[in-house]
Amino acid sequence: MKTLKDFNFKKKKVLIRVDFNVPLNDAHQVTDDTRIRAVKPTLIKILEDGGSCILMSHLGRPKNREDEFSLKHVVNKVSEIIGVQIKFVTDCIGSKAEEAASKLLPGEILLLENLRYYPEETEGDSDFAKKLASLGDFYVNDAFGTAHRAHASTAIIADFFPGSKCFGTLLEREIESINKVLKDNQKPVTAIIGGAKVSSKITIIENILDKIDHLIVGGGMAFTFVKALGGKIGNSLVEEDKMDLALSILEQAKQKNVKIHLPVDAVIADSFSENANTKESPIDAIPDGWMGLDSGQKTNAHFAGIIRESKTILWNGPVGVFEMKPFSHGTISMGIAIAEATKNGCFSLVGGGDSVSAVKQFGLENKVSYVSTGGGAMLEMLEGKTLPGIAAILD
Ligand code: AMP
């Protein structure tokens with residue numbers, strides 16, 4: 001795997017695909033700069049070598065070059081974070097972009113206008129990729145959030161840089177983290193899969209069963225398992241058509257010697273609301289008219305025990321409706337247990353969706369080993385798919 005460390009960028013103009021698709025408020029100010037901070041090490045390495053950086057990104061889903069999607073809105077924030085005044089050009093291909101790129105000096109950074117102002121970007125158009133490629137003499141992909149897309153700037157462009165392309169530091173860390181969980185892992189390995197539905201997590205579970213020792217199933221999806229096993233789940237979330245699949249997962253796990261842990265109790269509510277009446281119930285005896293919205297105290301203690309014994313942890317999906325305070329305790333307890341295990345030397349990866357929002361919301365972001373920056377991309381990696389943005393660099 002070629003990474004930045006394998007190259008010296010002196011006098012090189014390096015085209016870097018970054019993910020500056022950041023949230024903006026009504027005044028067009030960046031409200032979460034995580035993705036900008038994430039690429040800083042890549043940019044600093046290139047500048048310190050004596051190279052220059054040409055940054056390419058998308059922002060939102062423009063239809064008609066709407067001003068609100070212009071990357072000019074992020075220039076100040078990027079300059080502030082990187083510590084260098086960023087130059088900006090109002091196009092990403094054509095004469096203006098070519099002129100700005102040709103004038104770029106070592107130590108300077110140029111940001112191109114939103115790639116998605118051109119439909120050719122998402123179409124993966126080869127001519128468009130070639131025009132982008134003509135702006136630089138080396139290609140770096142550091143946009144994990146779009147690595148699962150075969151777009152012009154994330155994958156197709158790499159064809160124009162044989163021998164002159166590599167991963168950025170962020171992509172390298174993402175790949176390393178997932179490898180630490182699914183390939184070069186230390187046992188016992190525990191995966192916690194939660195969230196709303198079995199159907200959206202089934203491919204992940206099937207892909208990881210060979211690689212793990214414990215599977216904790218939590219959140220809404222656990223009720224499909226409980227009902228399939230004959231439990232009474234009241235009005236809890238269920239996918240009736242996935243009950244056979246749930247039984248088949250239990251069987252596969254048994255054959256592969258993976259211990260599956262289902263919740264034993266739940267916090268139940270009489271409506272899907274923050275103000276609902278609540279009480280605790282055994283997981284398989286939930287009265288009609290009530291629904292399980294969080295894991296119960298016995299479950300939390302049991303799950304924390306498994307986590308404490310683990311050397312490697314993957315967490316994907318909350319174990320309750322953590323967005324509502326009364327149903328957030330299970331997910332918080334899970335986060336705290338993972339943070340403690342991490343402190344004791346376990347490697348923990350949080351990735352692919354809402355568990356990332358949960359660790360951020362509960363201030364546990366810096367207490368786990370790695371929080372993935374790419375929702376969809378991480379999900380596809382966990383499903384065992386080869387991402388086009390990664391394959392294009394490895395070619
Ligand atoms: P996912 O995107 O599949 O990881 O699902 C995350 C969502 O699952 C979150 O918005 C949670 O509120 C929701 N969720 C977790 N537990 C439950 C539950 N017991 N009932 C309904 N929704 C749940």
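Whatever order the structure lists them in is the order used to number ligands and atoms, beginning at 1.
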Can Met221 be said to touch ligand 1, with heavy atoms closer than 4.0 Å? no
Phe223 near ligand 1 by a heavy-atom separation under 4.0 Å: yes
Atoms of ligand 1 close to Gly219 [distance to a heavy atom under 4.0 angstrom, numbered from 1]: 16 (N), 19 (N)
For the residue pair Ser134 / Glu98, report whether a side-chain donor-acceptor contact shorter than 3.5 Å exists. no
Regarding Ser199 and Glu239, do their side chains bring together a donor and an acceptor under 3.5 Å, going by distance alone? yes
May I ask you to check if ligand 1 and [X] share an N or O to N or O distance below 3.5 Å?
X      : answer
Gly220 : yes
Lys201 : yes
Ala196 : yes
Lys197 : no

Side chains of Lys77 and Ile36: closer than 4.5 Å at any heavy-atom pair? yes
Can you say whether the rings of His261 and His302 are parallel (under 30°), tilted (30 to 60°) or perpendicular (over 60°)? tilted
Identify, for atom 2 (O) of ligand 1, the protein heavy atom at the shortest distance, and state residue, atom and that distance. Asp354 OD2, 3.6 Å
I'd like to know whether NZ of Lys87 has more than 12 heavy-atom contacts from other residues, nucleotides or ligands below 6.0 angstrom. no
